[in-house]
*Asks:* 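One structure coming up, written as structure tokens, with questions to follow.
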Amino acid sequence: MIFLKTDEEIELLKISNTIVAKTLAEVGRNIKPGITTLQLDKIAETYIRDCGAVPSFLGYNGFPNSICTSVNDQVVHGIPDNYELKEGDIVSVDCGALINGFHGDSCYTFAVGPISHEVAALLESTKAALYSGISQAVEGKRLGDVSAAIQAKAEGDGFSIVREFTGHGIGRNMHEDPLVRNYGPSRRGLKLRKGMVIAIEPMVNMGSKSIYIKKDGWTACTTDHLPAAHFEHTVAIGRDKAEILSSFDFIEK
């Protein structure tokens, strides 16, 4: 079942997504060689709670932390631990926050100091693929148009799209219908309507699209151990263009 949001509910979703955006910026300010991903998790949880929100991820289906920190060949759902970030690493930080009954959700892949040109190209392509998908998130288009735009950008740049994970609807529940795939043919699938709110989140690998899940039951990694990137925005379907409810502006200032 797809829940269409009122204008008032979309305003509430903006609040939760702004908290997520500012949390990611706070985490980003602290990303440097020597900090552990568990320390980043504590920074995020403290910031979310100081805003009067609660971390959406903490305890979700048993997830043990407030953010996902996926380093290098980890694609998604990395569990914060005592790993110390090193110069040249990348870390995807996925964050959710709940306030006023609505969830926010966004992800950003950060570079830890200077990174190689090849890895920088992966990050740039993945973020561009996200915005390619967002450009199709308008009333009258179909979900497949979003998916196809993402796939065309990432694969056109020589990278591969992870198949096992998707974007999703979001609102009073962290994950709602519909699933938002990052691959597939255009002009297929559900017709988009104003009031739909979806999280679009390409997960892109430098090498093979193939992944495996670690023994922790959560962390997805590339089978060839090449890097992966992950960027995500929560967007409201608009009549002429999508409204991005989350933001990378606080991070990139």
Side-chain angles (χ1 to χ4, degrees), residues 13 16-31 36-45 47-48 53-81 83 85 89-98 103-112 122-123 126-127 129-130 133-134 150 161-162 164-170 173-176 179-180 182 198-205 211 213-214 216-222 227-235 244-248 250-252:
L13 278 157
S16 51
N17 278 285
T18 298
I19 289 171
V20 169
K22 291 182 174 179
T23 303
L24 287 173
E26 186 66 21
V27 169
R29 269 194 286 274
N30 287 277
I31 288 176
T36 69
T37 53
L38 193 58
Q39 286 173 311
L40 296 178
D41 180 71
K42 296 304 179 192
I43 289 165
E45 180 176 1
Y47 190 88
I48 290 168
V54 296
S56 297
F57 296 176
L58 185 60
Y60 185 82
N61 289 338
F63 190 77
N65 295 88
S66 297
I67 56 174
C68 301
T69 53
S70 305
V71 180
N72 296 333
D73 66 337
Q74 297 177 355
V75 180
V76 68
H77 301 156
I79 297 175
D81 59 15
Y83 176 79
L85 294 174
D89 284 347
I90 57 172
V91 56
S92 299
V93 181
D94 196 354
C95 179
L98 171 66
H103 292 271
D105 190 10
S106 184
C107 183
Y108 196 92
T109 301
F110 295 90
V112 186
L122 171 68
L123 269 57
T126 307
K127 187 161 69 165
L130 167 62
I134 290 170
I150 292 169
I161 295 281
V162 172
E164 288 83 353
F165 299 102
T166 68
H168 51 90
I170 185 170
N173 300 299
M174 184 71 207
H175 292 100
E176 298 181 353
L179 294 179
V180 185
N182 296 309
I198 56 176
I200 302 174
E201 49 178 323
M203 287 148 270
V204 179
N205 295 350
I211 64 163
I213 307 297
K214 290 177 71 172
D216 61 24
W218 284 100
T219 309
C221 300
T222 61
H230 178 198
F231 286 86
E232 176 183 17
H233 270 317
T234 295
V235 305
I244 301 175
L245 306 181
S246 46
S247 175
F248 295 156
F250 302 106
I251 296 168
E252 294 174 352

*Asks:* Find out whether Tyr83 and Leu85 are in side-chain contact, i.e. whether some heavy atom of one side chain is under 4.5 Å from a heavy atom of the other.
*Replies:* yes
*Asks:* Can you check whether Thr37's main-chain N or O pairs, donor with acceptor, with Asp41's side chain at less than 3.5 Å?
*Replies:* no
*Asks:* What I'd like to find out is whether the side chain of Asp81 reaches to under 4.5 Å of the side chain of Leu38, using heavy atoms alone.
*Replies:* no
*Asks:* A side-chain contact here means heavy atoms from C-beta on lying under 4.5 Å apart; do Cys68 and Trp218 qualify?
*Replies:* no
*Asks:* What distance separates Phe110 CZ from Ile90 CD1, expressed to the nearest 0.5 Å?
*Replies:* 12.0 Å
*Asks:* Tell me every residue that passes side chain to side chain donor-acceptor pair (under 3.5 Å) with Asp94, counting only those two or more places apart in sequence or in another chain.
*Replies:* none
*Asks:* So, do Asp105 and Val20 sit near enough that their side-chain heavy atoms are less than 4.5 Å apart?
*Replies:* no
*Asks:* Going from CG on Leu13 to CD1 on Ile170, what distance comes out if it is rounded to the nearest 0.5 angstrom?
*Replies:* 7.0 Å
*Asks:* Any chance you could measure His77, atom NE2, to Phe57, atom CZ, to the nearest 0.5 Å?
*Replies:* 7.5 Å
*Asks:* For the residue pair Thr234 / Asn17, report whether a side-chain donor-acceptor contact shorter than 3.5 Å exists.
*Replies:* yes
*Asks:* Do Tyr60 and His175 make a side-chain contact, defined as non-hydrogen atoms from C-beta onward lying under 4.5 Å apart?
*Replies:* yes
*Asks:* What closest approach, in Å, do Ala44 and Ile67 show between heavy atoms, and which atom pair accounts for it?
*Replies:* CB-CG2, 3.6 Å
*Asks:* Find out whether Val180 and Thr166 are in side-chain contact, i.e. whether some heavy atom of one side chain is under 4.5 Å from a heavy atom of the other.
*Replies:* no
*Asks:* Working to the nearest 0.5 angstrom, can you tell me the gap between Phe231 CZ and Lys127 NZ?
*Replies:* 5.5 Å
*Asks:* Taking all non-hydrogen atoms of both residues into account, name the closest pair between Ser92 and Thr109 and its distance.
*Replies:* OG-OG1, 2.7 Å
*Asks:* Which residue is it: Thr219, Ile211, Ile213? I am looking for the one with a side-chain contact (heavy atoms from CB on, under 4.5 Å) to Val75.
*Replies:* Ile211
*Asks:* For the atom pair OH (Tyr108) and OG1 (Thr23), what is the distance rounded to the nearest 0.5 Å?
*Replies:* 15.5 Å
*Asks:* Quick check: closest heavy atoms across Ser16 and Ala97, and the distance to 0.1 Å?
*Replies:* CB-O, 3.8 Å
*Asks:* Between Ser246 and His233, is any side-chain donor less than 3.5 angstrom from a side-chain acceptor?
*Replies:* yes
*Asks:* Is there a side-chain contact between His168 and Glu201 (heavy atoms, below 4.5 Å)?
*Replies:* yes
*Asks:* Considering non-hydrogen atoms only, spot the tightest contact between Thr126 and Ala229 and give its length.
*Replies:* OG1-CB, 3.5 Å
*Asks:* Where do Ser56 and Leu98 come nearest, in terms of heavy atoms and distance?
*Replies:* OG-N, 3.4 Å
*Asks:* Report the C-alpha distance between Asn182 and Phe165 in whole Å, list the side-chain angles of each, state the deciding distance to 0.1 Å, and finish with yes or no for side-chain contact (heavy atoms from CB on, under 4.5 Å).
*Replies:* CA-CA 8 Å; Asn182 296 309; Phe165 299 102; over 6 Å; no
*Asks:* In Å, rounded to the nearest 0.5 Å, how long is the span from CE of Met203 to CD1 of Ile150?
*Replies:* 9.0 Å
*Asks:* So which atom in Ser70 and which in Gly78 form the shortest heavy-atom distance, rounded to 0.1 Å?
*Replies:* OG-N, 3.1 Å
*Asks:* Could you check if a side-chain atom of Ser106 sits within less than 4.5 angstrom of a side-chain atom of Phe248, using non-hydrogen atoms only?
*Replies:* yes
